[in-house]
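Please read the structure below before turning to the comments.
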Amino acid sequence: MAPVPPGIRFLASFNRDQWYRAFTFGLTFLLYTSFHLSRKPISIVKSELHKNCSALHELSTAGSRQLPSFHTETDCSWKPFDKSNYKQLLGAMDYSFLCAYAVGMYLSGIIGERLPIRLYLTFGMLMSGLFTCLFGLGRIYNIHNLSFYIFVQVANGLVQTTGWPSVVTCIGNWFGKGRRGLIMGIWNSHTSVGNILGSLIAGYWVSSNWGLSFIVPGLVIAAMGVVCFLFLIEHPNDLKSIHDVQNPASSNTKLTNSWKGVNGHNQLYHSYKQGGKSQNWDTELLLPVQQVVVVKSESEPSAISFMGALRIPGVIEFSLCLLFAKLVSYTFLFWLPLYITKAAHLDAKKAGELSTLFDVGGIVGGILAGVISDKLGKRATTCAVMLLLAAPTLYGFSMISEFGLGPTIGMLLVCGGLVNGPYALITTAVSADLGTHKSLKGNSRALSTVTAIIDGTGSVGAAIGPLLAGVLSSRGWNQVFYMLMAADFLALVLLLRLVTKELTSANVVKPRSGSTTVEMKEH
């Protein structure tokens, strides 16, 4: 008999539950990647909506002096963005999307706690695909009405709020607290991956037909919505009915009581034991396991109220910190390609490609923040250190026009890591920690609401940042970077109380995995 190949032995070493966790991890990663992929085109297309007409005229006459230039002040830009106040109009489009997103996010978490996640997320993705495509159809059907584009942005902002609370709740259902910073740091790279793919897709068509820069991402997120409907598993307990049908004799314990809980799931809690020692859900060793079924009792926990979520220690501080951290991140998201176009004198396609390096740095920064915070057990301190280092980096980035290509690439990578690191940590591991805080006494129905409050507050900053950038950039790009440095400083100040608590806390525990964590005290 031939020996079993090592690769097959490795695959066979994983049990069924681990495969389902890996599948859910990958699927939710791709689902939210498509959300960010559909948000990115507007930042790439901005430089195409308003071109430098005089520069185009000089380019055409220099290339062929005997031929007349067909570019004029009226046809080289897309109405209504051909006027001198184009930066304010582009900023208003950003603001309309992000303001709707911020308002909708507060409601989305509360609604998401009360509806099946799979259906709620599928609806949001299909509608987001529709509105993203509508923006691109404005180019194909020659729509020049500003109200049309504002309406599409507002509608898209509202339906996109279905995404974040849903995927965080789903991933929180499948993974426990062990190594949460690392796991969610890797998982949260979907934000940067989506931005990179969105930039590349939008950049491919931006100069030839910018309508396709929206239509293609819109079709992608709609297709992923269908995938979500067909394959998303909201909770490990959703699989129980399938397994009971397939293996009716596999259960050694007869269930005598049931409890309807989160999103209509029967709250069966599975724990695993090996040699008398419990294995952590998300760090379970690849060893034979004995399943123990524990049935929770009597009453169904009620979904937490908005004010109840605010009373969870740390929610207000991290929410306000995220407001300013996300202000910085989203200003880069919506304005970086245009800034590179103006400061480095590159065309829209090259500027879009170069801006992806900011997101590459964001992937590394998010993972690094998760690893460090897991090792130290200090989420707030990790965020504070990265915010402190980001300020001088932002100042250096404001002088990008004086650098060569090499230093510019390095600055994009470093700035992306320091700006997106705290943002990624707060929206993932910190939100999951607070949504399962010990003050909730085991009520798992708070995760979606807490996530929505934190990200919704952050989205207020995300709405303000690009709007201010549109106003301040008319006075010079230096004013924009001064605003970003001030926001970074305020985010740091808002975390100081939590940092002090973490550094002075003596309540250090040693978990079985060997890593050191600090149990979050009530602040």
Side-chain angles (χ1 to χ4, degrees), residues 18 20-33 35-36 109 112 117 121 163-195 232-236 280-284 312 314-315 318-319 321-322 325-326 329 359 361-383 386 416-437 444 446-455 458 511 513 515-518 520:
Q18 289 169 324
Y20 277 127
R21 283 203 297 279
F23 175 77
T24 303
F25 182 95
L27 179 58
T28 52
F29 181 96
L30 293 175
L31 292 179
Y32 209 73
T33 294
F35 272 94
H36 265 265
I117 291 175
L121 187 55
W164 189 243
S166 299
V167 294
V168 171
T169 300
C170 188
I171 206 75
N173 288 339
W174 279 92
F175 293 90
K177 290 188 176 182
R179 295 189 294 184
R180 177 175 277 168
L182 171 61
I183 291 170
M184 287 198 158
I186 296 172
W187 178 74
N188 191 64
S189 63
H190 52 51
T191 298
S192 297
V193 172
N195 290 340
L232 182 65
I233 309 168
E234 301 175 20
H235 197 283
N280 202 336
W281 174 257
D282 61 324
T283 57
E284 177 188 348
I312 298 173
V315 167
F318 277 114
S319 296
C321 173
L322 185 63
K326 202 167 181 179
S329 180
D359 294 297
I363 294 175
V364 177
I367 295 174
L368 190 62
V371 171
I372 294 173
S373 67
D374 276 347
K375 185 68 175 177
L376 300 179
K378 295 176 173 63
R379 309 284 196 206
T381 304
T382 302
C383 291
M386 298 187 82
L418 294 176
V419 168
N420 284 337
Y423 164 41
L425 186 63
I426 293 173
T427 54
T428 55
V430 170
S431 296
D433 287 346
L434 296 176
T436 55
H437 192 264
S444 59
L447 182 54
S448 182
T449 301
V450 169
T451 300
I453 289 174
I454 292 176
D455 198 49
S513 62
S515 62
T516 302
T517 60
V518 177
M520 184 178 289

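Fair warning: this is a prediction, and the values are worked out from it, not measured in the lab.
Residues Tyr32 and Gly163 come closest through the heavy atom pair CE1-C, 3.7 Å. Closest approach of Gly366 to Ala424, counting heavy atoms only: CA-CB, 4.0 Å. Of all non-hydrogen atoms in Ala369 and Gly421, the two that sit nearest each other are CB-O, 3.8 Å. Closest non-hydrogen pair, Gly370 versus Arg379, comes out as O-NH1, 4.4 Å.
How far CG of Asn195 is from CG of Asn420: 8.0 Å, rounded to the nearest 0.5 Å. Annotation: the span from Leu322 atom CG to Asp455 atom CG amounts to 6.5 Å, rounded to 0.5 Å. A distance of 10.0 Å separates CE in Met386 from OG in Ser373, rounded to the nearest 0.5 Å. Of the inter-residue distances, the one linking Asp374 atom CG with Leu425 atom CG reads 8.5 Å to the nearest 0.5 angstrom. Note: Cys170 SG to Leu121 CG = 8.5 Å, rounded to the nearest 0.5 Å. In this structure, Trp164 CH2 and Thr451 OG1 are separated by 8.0 Å, a value rounded to the nearest 0.5 Å.
Using bins of under 30°, 30° to 60° and over 60° for the plane-to-plane angle, the ring pair Trp174/Tyr20 lands in the tilted bin. Aromatic ring orientation, Phe29 versus Phe25: parallel (interplanar angle below 30°, classes split at 30° and 60°).
For the residue pair Trp187 and Thr28, a side-chain donor N or O sits within less than 3.5 Å of a side-chain acceptor on the partner. No side-chain N or O of Thr428 forms a donor-acceptor pair with one of Asn188 less than 3.5 Å apart.
The shortest side-chain heavy-atom distance between Ile171 and Arg21 does not fall under the 4.5 Å cut-off.
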